[in-house]
Amino acid sequence: MTPRDILVTNALPYANGPIHLGHLLGYIQADIWVRFLRMQGHTVHYVCADDAHGTGIMLSAEKAGITPEQLIEGVRVEHHRDFKDFLVDFDIYYSTHSEENRELSAYVYQRLQQADAIATRSITQLFDPERELFLSDRFIKGQCPKCKAENQYGDNCEVCASTYAATDLINPRSTISGATPVPKDSVHYFFKLPQFTAMLKDWTRSGTLAPSVANKLAEWLDGGLQEWDISRDAPYFGFEIPDAPGKYFYVWLDAPIGYMASFKKLCSEKGLDFGAYWNEGTTTELWHFIGKDIINFHALFWPAMLTTAGFRKPTSISVNGFLTVNGQKMSKSRGTFIMAATYKEHLNPEYLRYYFASKLGSNPDDLDLNLEDFTLRVNADLVGKLVNIASRCAGFINRSFANKLSPLVAEADLISNFQQHANEIAEHYNNREYGKAMRLIMKLADDANAWIAEKQPWVLAKAQPQSEAVQNICSTGLNLFRLLVIYLKPVLPALAAQVETFLQVAPLRWQDSTTVLRDHTIGVFTPLMTRVDPDKIAAIMEASKSSLGASEEVAVIDSPLVREPIAAEIEFPDFAKVDMRVVKIQHAEHVAGADKLLKLTLDLGLGTDGKPVLRTVFSGIKSAYEPEQLIGQLAVMVANLKARKMKFGMSEGMILAAGDGKEIFLMAPHAGAHPGTRVT
RNA sequence: GGCAAUGUAGCUCAGUCGGUUAGAGCACAGCAUUCAUAAUGCUGGUGUCGGUGGUUCGAAUCCACCCAUUGCUACCA
């Protein structure tokens, strides 16, 4: 096996909130890979850092009344602790707000400039005049220009899904100050991405990416790349662009460079060769583990930047999907938005590592953490199957044979069969097909238990406790267990460490799967892992509800008035144009083929001819009312509204109702009002 | 709206270069066992493989359309 030299990075979490279970999926995936390769004897450097720049951090710090530097250092320590708790074994956990990153970002930028890959031009953006800062789309809300839905973000409408520019919003307002944003021009710096289209098309199809990821990128590549805006105006927490006072690098410019910076710091600490991992033409490997939400940054912008700046491109990018809990998006109200720290308080992190591993493949599919399935699977596989093998064999060895394994094994074929699977399992790990590896390992655990059940050492021990056969069988069982633990060590490093102590062996490496313990003295067995207590799961969900539900409420005030602010002022004559009348609903019926409409016949009272004036109105109130309950009721209609042809007929007016789209309430006069009376 | 991914037993997932009665683990039922953290073994039923139509001697697997879920739609973080 040729030794590999690999630099592995994990996506940089944003230094603006705690690590949750969704984050952990990607980190645990990468960590398992790193641990596996290290066990095989390869050289792996594993780096990460906090992503510490941007408007979000600036505003959070302000809100907390501290400096951004204070905020990000506090969060960094917390993040690093969470990762350690989940046994994610980084060589360094740094920050993008570092001197190394400032220098590297400036360097890369200057190389881009020299290569004529930077353009500048003035663009118009919305500006918060109160706070004096430019507003990105997520900080602007207003009415959708297409469907008129209220309270939509500046980039797209969640109701009608149309996309638009923030400047197109009706009645836009800053979510930071509430002020009405004004358009303002400013010079921005752009990375000329389109000139790399051909290179990227080749690179994305060169085997560095999973096919489904390459397909995703093809959407952008075929649709035509745009120049990428890499500057932000002050005030902005980040690095100022060299020779451009008041202009800062956009956080996503310096975030991936943070991988380099973090590694550079590690190099200076450990005397490693930075260039051996980053220079063009190097033979070492560079792997990025990321979530599928940031594919474009890593597989489009980043390789283009690296190439232009004279660095190597990534060997591969491994993409993971999102985590769902109980089949749904993580939700604060359901208690499934679980923080790493909350989980850690109640449950063993290795349970989660195993569960993720058992369901992870190399593809970027979403992964569901079904808490009931989690409990059953962990208990059955780890406690019932795996640990049980040691538990049922160790007693005999401890009690009757002075902790000594026999010089012989009872079933050499079985052991050798276990050993022969090492390569296949290794292949699965290497390909990040952990689910396949776990299935295979658990199949072997089943075989081990079945074999012990067949040999019945307890029956032999009853007749003759000191029987050599008993020692051989149990020694074989413990050897099988040892092999399984070697195979599981990348996933369960803490369990493996306990087993190393129990078996009194040096830290297990992959190569150790070729050997067998004979004539070897072990320690006394103590329970290695306990079952998942369902009460703990309930406690986690309860804690997740209370800790997060509350803080969330404070941040966002939700009321009809907030969702839909009062419209622009009008004069009385404008109001007087609307002629509203009391009506009696003479008849109401369902409309065949209509999802939302009811057909109403409204009685306006007697007309000049002495006959009742009747109007037909189609009203979208089907979801809230049954026709029968409406008949005979009083209501209010707009009587002078121009008739409108609808799919199901003419609608001659509108009936007044209050509603937010979900609930609907008809307006009704108090009892005694007469049909035809004007409402003013 | 466009694009993409996903949709296989109660649950979580394998499985498709088209080919015998569609698989695993868990759950469930019965039996056995009691060395082991009530752990283990054996046996057993379970599915219109999202829907409709097509190609084919033959389709979970290929094609078309549709439905559902999720995501993306880069000058958001």
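FYI, side chains are in, hydrogens and waters are out, and symmetry mates aren't considered; it's all heavy atoms of this structure. A note on names: the letters A, B, ... follow the listed sequences, proteins ahead of strands, and every chain is numbered from 1.
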Inset, instruction - First locate atom OH of A/Tyr189, then atom CZ of A/Arg121, and finally report the distance between them rounded to the nearest 0.5 Å. - result: 13.0 Å
Inset, instruction - Give, ordered by number, those residues of residues 227-241 of chain A having at least one heavy-atom distance below 4.0 Å to an atom of RNA chain B; if nothing qualifies, reply none. - result: A/Asp229, A/Arg232
Legend entry - Pair A/Phe249 and A/Tyr109, ring centroids less than 6.0 Å apart: yes
Inset, instruction - Measure centre to centre between the rings of A/His79 and A/Tyr27, then say whether the value is under 6.0 Å. - result: no
Inset, instruction - Could you please name the option among B/A77, B/C42, B/G25 that lies closest to any side-chain atom of A/Ile294? - result: B/A77
Inset, instruction - Identify, with sequence neighbours excluded, every residue that meets salt bridge (Lys or Arg N to Asp or Glu O under 4.0 Å) alongside A/Asp293. - result: none
Inset, instruction - Sort out the partner of B/C62 for me: Watson-Crick or G-U wobble, both distances under 3.5 Å, none otherwise. - result: B/G54
Inset, instruction - With a 3.5 angstrom cut-off on both distances, give the Watson-Crick or G-U wobble partner of B/U34, or none if there isn't one. - result: none
Inset, instruction - May I have the distance from A/Ile295 (atom CD1) to B/C76 (atom C1'), rounded to whole angstrom? - result: 16 Å
Legend entry - With A/Asn449 via side chain to side chain contact (heavy atoms under 4.5 Å, CB included) - residues at least two apart: A/Lys385, A/Asn388, A/Ile389, A/Arg392
Inset, instruction - Anything under 30° is parallel, anything over 60° is perpendicular, the rest tilted; go ahead and classify A/His53 against A/Phe237. - result: perpendicular
Legend entry - Nucleotide paired to B/C3 in any strand shown, Watson-Crick or G-U, under 3.5 Å: B/G71
Inset, instruction - Scan side-chain atoms only and decide if A/Ser400 and A/Gln466 contain a donor-acceptor pair under the 3.5 Å cut-off. - result: no
Inset, instruction - Identify which nucleotide among B/C75, B/A27, B/A74 has an atom closest to any side-chain atom of A/Leu376, counting heavy atoms from C-beta outward. - result: B/A27
Legend entry - Whole-Å P distance, B/G47 and B/U21: 16 Å
Legend entry - Residues touching RNA chain B, which here means a heavy atom under 4.0 Å, drawn from residues 360-369 of chain A: A/Asp365, A/Asp366, A/Asp368
Legend entry - Among A/Trp203, A/Phe191, A/Phe301, A/Trp228, the one residue meeting ring-ring contact (aromatic ring centres under 6.0 Å, His included) with A/Phe196: A/Phe191
Inset, instruction - Taking only the side-chain heavy atoms of A/Gln226 (C-beta and beyond), determine which of B/C75, B/A77, B/C11 contains the nearest atom. - result: B/C75
Inset, instruction - Give a yes/no answer on whether the side chain of A/Tyr250 brings an N or O atom under 4.0 Å of OP1 or OP2 in B/A77. - result: yes
Inset, instruction - Tell which nucleotide pairs with B/A24, taking only Watson-Crick or G-U wobble pairs whose two distances are both under 3.5 angstrom. - result: B/U12
Legend entry - Polar contact flag, side-chain donor to acceptor under 3.5 angstrom, A/Asp185-A/Ser122: no
Below 3.5 Å is the cut-off: list the nitrogen or oxygen pairs between protein and nucleotides 34-38 of chain B, distance only.
residue	atom	partner	partner atom	Å
B/C35	O2'	A/Arg392	O	3.3
B/C35	O2	A/Arg392	NE	3.3
B/C35	N3	A/Arg392	NE	3.4
B/C35	N3	A/Arg392	NH2	2.8
B/C35	N4	A/Arg392	NH2	3.1
B/A36	O3'	A/Ser391	OG	3.1
B/A36	O2'	A/Asn388	OD1	3.4
B/A36	O2'	A/Ser391	OG	2.4
B/A36	N3	A/Asn388	OD1	3.2
B/U37	O2	A/Met529	O	3.3
B/U37	N3	A/Met529	O	2.5
B/U37	O4	A/Leu528	N	2.7
B/U37	O4	A/Met529	N	3.2
B/U37	O4	A/Met529	O	3.4

Inset, instruction - Please check the phosphate of B/G71 (OP1 and OP2 only) for any side-chain N or O of A/Lys292 closer than 4.0 Å. - result: no
Inset, instruction - Check the distance between B/A27's P and A/Phe374's CZ and give it to me in whole angstrom. - result: 16 Å
Legend entry - Residue A/Ala450, side-chain atoms from C-beta onward, closest of B/A14, B/C11, B/G41: B/G41
Inset, instruction - Report the base-pairing partner of B/G47 (Watson-Crick or G-U wobble, both distances below 3.5 angstrom), or none. - result: none
Legend entry - Residues in side chain to side chain contact (heavy atoms under 4.5 Å, CB included) contact with A/Pro527, at least two apart in sequence or another chain: none
Legend entry - Integer-rounded Å distance: B/A14 C1' and A/Lys436 NZ: 8 Å
Inset, instruction - Check whether any side-chain nitrogen or oxygen of A/Lys385 sits under 4.0 Å from OP1 or OP2 of B/G25, and answer yes or no. - result: no
Inset, instruction - State whether A/Phe374 and A/Arg377 meet the cation-pi test: NZ (Lys) or CZ (Arg) under 6.0 Å from the six-membered ring centroid, and within 45° of the perpendicular axis. - result: no
Inset, instruction - Answer with yes or no after comparing the ring centroid distance for A/Phe525 and A/Phe502 against a 6.0 Å cut-off, counting only values under it. - result: yes
Legend entry - Whole-Å P distance, B/C49 and B/G53: 13 Å
Inset, instruction - Using the C1' atom as the reference point in each nucleotide, state the distance between B/C13 and B/U55 in Å, no decimals. - result: 31 Å
